[in-house]
Amino acid sequence: MTSRRLVLTRSAAIFGSASTGLLLPEIVRAQAAKVRVGFMLPYTGTFAQLGVAIENGFRMAINEQGGKLGGREIEYFKVDDESEPSKGIENANKLVQRDKVDVIVGTVHSGVQMGIQKVARDTGVLSLIPNAGVHAATRGLCAPNVYRTSFSNSQPTRALGKVMMDKGHKKTVWITWKYAAGDEAFEGFKEGYTAAGGTIVKELGLPFPQVEFQALLTEIAALKPDAVACFFAGGGAAKFIRDYAAAGLKGKIPLYGSGFLTEGVLDAAGPAADGIITTMHYSDSLDTPRNKKFRLDYAKAFKALPDVYAVQGYDTGLLLVQGANAVKGDLANKPALYKSMEGAVIDSPRGKWTMSASHNPVQDIYIRQVDNKENKVIGVAAKALADSGAGCKMA
Ligand code: PHB
């Protein structure tokens, strides 16, 4: 039940046929209550550092507003979702039922997101997705109370195939973790690459979050493709990059990927990452005052370099600030809140992006190359790329 409705019900019970005048102080007090923000993110496992970067970025956006949302103080709640899909619904319910949060900020893993999506659709709680790209969240299962500030899984890879064909790589092996994020990333890659005339000679995969890559790398060596394209992220991505080089493939068969491959892992991957080309909606080296200030402020605040996950967390904060300001902190005013977020133009470190009708970013996709522990922008792969939003019917 929304705080406004709660207040009205309680006041009506106290005052009987209460006039609006009698209700006003109660409403004012309810709005003065803290906004309850719930982080449902991975704080352990292969995506642990992604969760931390998202939370950091989100807090940074809020701290730029004096730590408030629409004039109201904030109380934070946290659940470690462990990137474990089987606990997704239970964990989301901890935040909604036990902690009574006004908004869930989460999560990273597409399978876990499906649990949050169910709870969001069942309860109407505001759900802001700071990473997980699962198509259904902004396609067939889209909802007025669900907004994604990151990407859809096929968005970053859709433009990758053309980039590879332009380099003359006509035969490619695809490799990924076999779950929604990897499968949907492949969907985007396949469409773009085959449309550009490329041939996918083999699809390889292993279950998430396994990192026993050796047998698959041996198979790649035997297949001798022109190039390899992949989806991996977090700790597993760092290991894949290192293992790829250790298997003797670096320098022989160029490695490409959606940009997650090289996000937040460049220290851990070391020189094995040099030269890898990826496509992504952010690049460390974007030469704009907005990005430079963001990077400097983030480094000062957290003694760490920001990555795409930090940007997505930050943008989630910016979106919520925009919505909360539009309703002067009254998050129970859903029509006005949603209207503001639907029309959002986010002035992000990645560049300005807008919210699509199905609540997914319409954004530029950059071509980046790893150079000396930085994802350097070397081109633009797609301008204002939108997800299809296929099957989305807002209730
Ligand atoms: C996902 O599961 O949707 C996912 C996880 C990590 C990424 C990107 C997508 O870096």
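Whatever order the structure lists them in is the order used to number ligands and atoms, beginning at 1. Hydrogens, waters and symmetry mates play no part in the numbers below; they use all other heavy atoms, side chains included.
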* To do: Could you verify whether a donor N or O on one side chain and an acceptor N or O on the other, from T278 and N375, lie under 3.5 Å apart?
  =>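 Judged by distance alone, the side chains do not pair up.
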
Which residue holds the protein heavy atom closest to [atom], what is that atom called, and what is the gap in Å?
atom                    : answer
atom 2 (O) of ligand 1  : Y179 OH, 2.6 Å
atom 3 (O) of ligand 1  : S110 OG, 2.6 Å
atom 7 (C) of ligand 1  : N131 ND2, 3.6 Å
atom 10 (O) of ligand 1 : Y309 OH, 2.7 Å

* Cluster link M355 to V134, ILVMFWY, side chain under 4.5 Å ->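 No, M355 does not connect to V134 through the hydrophobic network.
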
Can you name the atoms of ligand 1, numbered from 1 with element, that are less than 4.0 Å from a heavy atom of [X]?
X    : value
G133 : 3 (O)
A233 : 6 (C), 7 (C), 10 (O)
H109 : 2 (O)
A181 : 1 (C), 2 (O), 3 (O), 4 (C)
V108 : 1 (C), 2 (O), 3 (O), 4 (C), 5 (C), 6 (C)

If you take the centroid of each ring, where Trp contributes its six-membered ring, are [Y] and [X] closer together than 6.0 Å?
X    : Y    : result
F231 : F189 : no
F151 : F260 : yes
F232 : F213 : yes

* Asked: Applying a 4.0 Å heavy-atom criterion (strictly less than), which segment of F151 is in contact with ligand 1: side chain, backbone, both, or neither?
  ->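 Contact part for F151 vs ligand 1: side chain (C-beta onward).
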
* Side-chain ion pair, K94 and D99, N-O less than 4.0 Å ->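 The answer is no: the pair does not qualify as a salt bridge.
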
* Asked: Which residue, D347, D315, D364, forms the side chain to side chain donor-acceptor pair (under 3.5 Å) with W353?
  ->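 When side chain to side chain donor-acceptor pair (under 3.5 Å) is applied between W353 and each of D347, D315, D364, only D315 qualifies.
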
